[in-house]
Amino acid sequence: MQALEGDDRYEEVLHTLQAEEKKEGIKMSEVLDRVENRGIIIGESRGIVIGESRGIVIGEKRGREKMAHEINTLYAALLEQNRMDDLKRAITDTDYQRQLLSEYGISDDEE
């Protein structure tokens, strides 16, 4: 590819594999797997979904991270305002937790 198109990706991955694990006997499939995995990582970092099940996994992860951030923001606000009873209730009562998230304008969920 380098000779025809000036593309050094194959050479870069080949040298990486040689430096990491093997000095000889590297299969073309190993190089292609590495190149493909780099593409997947780049796509995910840019928010590109690759396959439905992979998209679901990525979406669920982002949802968990967002919710954790919202809850931590709520709890910090309740602590700062010394609303200990509300904090204790929000920990065990998810309906009340949603109410407080809405009250503080933290959550953009419409559930």
Side-chain angles (χ1 to χ4, degrees):
M1 285 186 0
Q2 202 286 328
L4 295 175
E5 299 176 15
D7 189 338
D8 293 329
R9 289 177 293 176
Y10 172 79
E11 292 281 330
E12 289 171 13
V13 173
L14 181 62
H15 291 304
T16 301
L17 280 170
Q18 287 172 336
E20 283 179 6
E21 44 192 69
K22 301 178 180 180
K23 294 296 178 193
E24 44 187 72
I26 297 171
K27 297 177 185 173
M28 184 64 170
S29 61
E30 292 174 286
V31 175
L32 291 174
D33 286 344
R34 282 290 179 99
V35 171
E36 185 178 71
N37 286 334
R38 279 189 353 187
I40 290 169
I41 290 167
I42 290 167
E44 288 175 351
S45 71
R46 294 181 182 162
I48 299 168
V49 176
I50 302 161
E52 183 179 342
S53 63
R54 189 171 195 86
I56 290 169
V57 169
I58 293 168
E60 288 174 347
K61 180 181 178 205
R62 288 180 184 164
R64 283 189 304 273
E65 290 170 354
K66 180 179 183 263
M67 192 64 202
H69 174 73
E70 290 175 353
I71 290 172
N72 287 336
T73 302
L74 172 63
Y75 291 170
L78 292 171
L79 282 170
E80 184 177 310
Q81 294 178 0
N82 202 29
R83 292 178 61 177
M84 296 304 159
D85 290 337
D86 291 324
L87 175 60
K88 290 175 186 175
R89 182 174 170 196
I91 290 171
T92 59
D93 183 343
T94 56
D95 290 332
Y96 188 62
Q97 185 183 84
R98 278 192 284 277
Q99 179 184 333
L100 290 171
L101 286 165
S102 178
E103 176 185 323
Y104 279 86
I106 295 170
S107 179
D108 58 5
D109 287 343
E110 298 185 19
E111 292 178 26

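All of these numbers come straight from a predicted model, not from anything done at the bench. Computed from heavy atoms alone, side chains included, the values below leave out hydrogens, waters and symmetry copies. Residue numbers start at 1 and run along the sequence shown.
E65 is linked by a salt bridge (charged side-chain N to carboxylate O under 4.0 Å, His left out) to K61, counting only residues two or more places apart in sequence or in another chain. A search for side chain to side chain donor-acceptor pair (under 3.5 Å) contacts involving Q81 returns Y104, not counting sequence neighbours. The salt bridge (charged side-chain N to carboxylate O under 4.0 Å, His left out) check on D95 picks up R98, with sequence neighbours excluded.
Annotation for D86 and L78: closest pair CB-CD2, 4.1 Å, computed over non-hydrogen atoms. Considering all non-hydrogen atoms of both residues, I91 and Y75 come closest at CA-OH, 3.6 Å. For the residue pair M67 and L101, the shortest heavy atom distance occurs at CE-CD1, 3.7 Å. For the pair L100 and R83, the tightest heavy-atom approach, listed with the atom from each and the gap, is CD2-NH2, 3.6 Å.
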Notebook entry, point to check: side chain to side chain contact (heavy atoms under 4.5 Å, CB included) between M84 and L79: does it pass, once the steps are laid out?
Noted result: CA-CA 7 Å; M84 296 304 159; L79 282 170; 3.4 Å; yes
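We find the CD1-NZ distance between I71 and K66 to be 11.0 Å, quoted to the nearest 0.5 Å. In this structure, CD1 on I106 lies 4.5 Å from CG on L74, to the nearest 0.5 angstrom.
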